Visitor: 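Shown below is the structure under consideration.
Keep in mind that this is a model prediction, so the values were computed, not measured.
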Amino acid sequence: MILANAFCLFFFLGTGADPVVSAKSNHCLDAAKACNLNDNCKKLRSSYISICNREISPTERCNRRKCHKALRQFFDRVPSEYTYRMLFCSCQDQACAERRRQTILPSCSYEDKEKPNCLDLRGVCRTDHLCRSRLADFHANCRASYQTVTSCPADNYQACLGSYAGMIGFDMTPNYVDSSPTGIVVSPWCSCRGSGNMEEECEKFLRDFTENPCLRNAIQAFGNGTDVNVSPKGPSFQATQAPRVEKTPSLPDDLSDSTSLGTSVITTCTSVQEQGLKVNNSKELSMCFTELTTNIIPGSNKVIKPNSGPSRARPSAALTVLSVLMLKLAL
């Protein structure tokens, strides 16, 4: 027993790994277990594993077309909370990284006897409208941008990861090139050998996968759980809010908003409060406005206050003057 423990300790020390961490932190294994707990994920994962592992003949390891279709169904129909965890899990040892690389069954879906030229592979992809669309999405959402914090357009990790996963199951299927737990390098199964005078364009196309800081940062951030904290570098634009205005009574329907009422409106309405009367902000004030507008002279901006000034003669005084005039005429 002691010798066995010593051997295990020697193995972990020799690989430079922490035995406790290595035994408990295989995130790719945890992701596979989580998938098996979800009926839909388990069903579609079992389906593509079965199809992609089915040997057709001694010279044909599998039916790649059916394997690609099963992979597309898995990544299109299973929520990303399961598929991303399996595809972008973080690793601290080679065993974990190899499990991550094997997620898409690369011996059938990815690898081939020889690597085609990348431009030729791109040409084949462009003949299929869906593959062409997925490749265009990848270039748009994973394009390296040196004007953002994350090197991704609009600092959007999720869009890049989604575009990468969207290409799996097509001729342009990408995958991890090795089982390195530290260096993340992905690529389609192609090379730039035999590109002739198109070699520069081919190398540029291939670097969009192998040396893409946006894609690399997005995968690392998801595996480390730091992608949720990413925020855009530029200033965030908030919806413009109108200045807060105290609620005021609306004008009567027959009075235009452009009508100038002068200061008499304020004077009359505030006089109600000065007299110590209890005022309701909605009903009484609107009544105050209604009363004032009934005394507005048509075609004029003047407001006449009730019972104020000599402009409104009293009936008793008029009768007195009339009676005096009639008495003088009679004499």
Side-chain angles (χ1 to χ4, degrees), residues 64-65 67-69 71-72 75-76 84 87-88 97 100-180 182-223 227 230 232-233:
R64 175 170 287 194
R65 183 181 61 83
C67 177
H68 278 177
K69 182 179 179 180
L71 280 169
R72 290 197 302 270
F75 285 101
D76 289 344
Y84 284 15
L87 202 57
F88 307 122
R100 179 175 61 189
R101 193 185 74 84
Q102 290 290 337
T103 297
I104 65 170
L105 279 298
S107 61
C108 180
S109 67
Y110 177 67
E111 299 166 359
D112 209 342
K113 296 177 182 179
E114 295 182 1
K115 284 188 176 183
N117 182 272
C118 291
L119 296 182
D120 292 341
L121 187 63
R122 184 182 67 178
V124 173
C125 176
R126 286 178 173 177
T127 60
D128 178 81
H129 73 281
L130 191 53
C131 183
R132 181 175 64 248
S133 175
R134 298 290 178 93
L135 181 60
D137 285 344
F138 172 78
H139 285 303
N141 295 322
C142 295
R143 182 185 69 254
S145 173
Y146 299 99
Q147 298 178 347
T148 59
V149 174
T150 62
S151 299
C152 286
D155 287 319
N156 193 339
Y157 279 156
Q158 291 296 320
C160 181
L161 295 179
S163 297
Y164 175 90
M167 288 193 299
I168 296 175
F170 293 94
D171 292 316
M172 195 58 69
T173 295
N175 196 31
Y176 299 91
V177 298
D178 54 34
S179 302
S180 171
T182 54
I184 295 178
V185 181
V186 297
S187 171
W189 183 260
C190 65
S191 71
C192 288
R193 212 173 301 165
S195 298
N197 57 0
M198 302 290 289
E199 185 173 359
E200 184 177 349
E201 181 181 348
C202 181
E203 292 289 350
K204 183 178 181 298
F205 173 79
L206 189 56
R207 282 196 301 270
D208 286 343
F209 294 90
T210 59
E211 301 177 20
N212 189 325
C214 169
L215 179 59
R216 183 180 62 249
N217 292 342
I219 294 174
Q220 288 178 336
F222 182 88
D227 59 319
V230 175
K233 181 181 180 181

Visitor: Of all heavy-atom pairs between P174 and Y110, which one has the smallest distance, and what is that distance?
Guide: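 Heavy atoms of P174 and Y110 come nearest at C-CE1, 4.0 Å.
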Visitor: Keeping the roles fixed (side chain from N156, backbone from N141), state whether a donor-acceptor pair exists under 3.5 Å.
Guide: no
Visitor: Could you please spell out the steps behind the side-chain contact (heavy atoms from CB on, under 4.5 Å) verdict for F138 and R143?
Guide: CA-CA 8 Å; F138 172 78; R143 182 185 69 254; over 6 Å; no
Visitor: With sequence neighbours excluded, tell me which residues meet ring-ring contact (aromatic ring centres under 6.0 Å, His included) with F75.
Guide: none
Visitor: Are any side-chain N or O atoms of S133 and backbone N or O atoms of H129, one a donor and one an acceptor, separated by less than 3.5 Å?
Guide: no
Visitor: Does L87 reach the side chain of I104, with side-chain heavy atoms less than 4.5 Å apart?
Guide: yes
Visitor: Between C192 and C118, is the SG gap short of 2.5 Å?
Guide: no
Visitor: Donor-acceptor pair, S195 side chain versus M198 backbone, under 3.5 Å?
Guide: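 Here the side-chain-to-backbone pair does not exist.
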Visitor: Can you find a heavy atom in the side chain of D171 that is under 4.5 Å from one in the side chain of D128?
Guide: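 Side chain of D171 against side chain of D128, heavy atoms only: no contact under 4.5 Å found.
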Visitor: Considering only the SG atoms, does C152 lie under 2.5 Å from C214?
Guide: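 A disulfide, yes.
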Visitor: Restricting to non-hydrogen atoms, name the atom on R132 and the atom on T127 that form the minimum distance, rounded to 0.1 Å.
Guide: NH1-C, 4.4 Å
Visitor: Return the minimal non-hydrogen interatomic distance between S179 and R101, and the atom names on each side.
Guide: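 Looking at all heavy atoms of both residues, the closest pair is OG-NE, 3.9 Å.
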Visitor: Search all heavy atoms of F209 against all heavy atoms of S187 and return the closest pair with its distance.
Guide: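 In this case the closest contact between F209 and S187 is CB-CA, 4.0 Å.
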Visitor: Quick one: are C142 and P153 in side-chain contact, heavy atoms under 4.5 Å?
Guide: no
Visitor: Rounded to the nearest 0.5 Å, what separates atom CD in E199 from atom CG in L206?
Guide: 11.0 Å
Visitor: Using the rule given for side-chain contact (heavy atoms from CB on, under 4.5 Å), can you reason through F205 versus H139, listing the C-alpha separation, both sets of side-chain angles and the distance that settles it, and then say yes or no?
Guide: CA-CA 10 Å; F205 173 79; H139 285 303; 3.7 Å; yes
Visitor: Using side-chain contact (heavy atoms from CB on, under 4.5 Å), reason through C67 and C108 one step at a time and then give a plain yes or no.
Guide: CA-CA 7 Å; C67 177; C108 180; 3.5 Å; yes
Visitor: Taking the side chain as every heavy atom from C-beta outward, state whether N175 and T103 have any atom pair closer than 4.5 Å.
Guide: no
Visitor: Verify, without hydrogens or angle tests, whether R134 (side chain) and G166 (backbone) share a donor-acceptor contact under 3.5 angstrom.
Guide: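 Looks like yes, one N/O pair under 3.5 Å.
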Visitor: Indicate yes or no: does E114 engage R193 in a salt bridge with an N to O separation below 4.0 Å.
Guide: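 No, no charged N to carboxylate O under 4.0 Å.
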Visitor: To the nearest 0.5 Å, what is the distance between CZ on R126 and CG on L121?
Guide: 11.0 Å
Visitor: Please confirm whether the backbone N or O of S109 pairs with a side-chain atom of H68, one donor and one acceptor, at under 3.5 Å?
Guide: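 Yes: the side chain of H68 pairs with the backbone of S109.
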Visitor: When you compare the side chain of S180 with that of V185, does any pair of heavy atoms fall below 4.5 Å?
Guide: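 They are not in contact (no side-chain heavy atoms under 4.5 Å apart), so the answer is no.
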Visitor: By ring-ring contact (aromatic ring centres under 6.0 Å, His included), which residues pair with Y164, not counting sequence neighbours?
Guide: F88
Visitor: Is there a salt bridge (Lys or Arg N to Asp or Glu O under 4.0 Å) between E200 and R207? Walk through the geometry before answering.
Guide: CA-CA 11 Å; E200 184 177 349; R207 282 196 301 270; over 6 Å; no
Visitor: Do Y157 and F222 have their ring centres less than 6.0 Å from each other?
Guide: no
Visitor: For L215 versus N212, what's the shortest heavy-atom pair and its separation?
Guide: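 Nearest pair, atom of L215 first, then N212: N-OD1, 3.2 Å.
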Visitor: Does V186 reach the side chain of T210, with side-chain heavy atoms less than 4.5 Å apart?
Guide: no
Visitor: State, with a plain yes or no, whether a side-chain heavy atom of T173 is found less than 4.5 Å away from one of M167.
Guide: no
Visitor: Is a side-chain donor-acceptor pair under 3.5 Å present for T150 with D155?
Guide: yes
Visitor: Taking the six-membered ring of Y176, is NZ or CZ of R100 closer than 6.0 Å to its centre and within 45° of its axis?
Guide: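 Yes - R100 lies over the ring of Y176, closer than 6.0 Å to its centre and within 45° of its axis.
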Visitor: Are any non-hydrogen side-chain atoms of I184 and Q220 less than 4.5 angstrom apart?
Guide: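 In short, these two side chains touch, coming nearer than 4.5 Å.
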Visitor: Can we say the SG-SG distance for C131 and C125 is below 2.5 Å?
Guide: yes
Visitor: Taking all non-hydrogen atoms of both residues into account, name the closest pair between S107 and E111 and its distance.
Guide: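 Looking at all heavy atoms of both residues, the closest pair is CA-OE1, 3.8 Å.
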Visitor: Could you walk me through whether N117 and S191 satisfy the side chain to side chain donor-acceptor pair (under 3.5 Å) test, starting with their C-alpha distance in whole Å, then the side-chain angles of each, then the deciding distance to 0.1 Å, before giving a yes or no?
Guide: CA-CA 5 Å; N117 182 272; S191 71; 6.0 Å; no
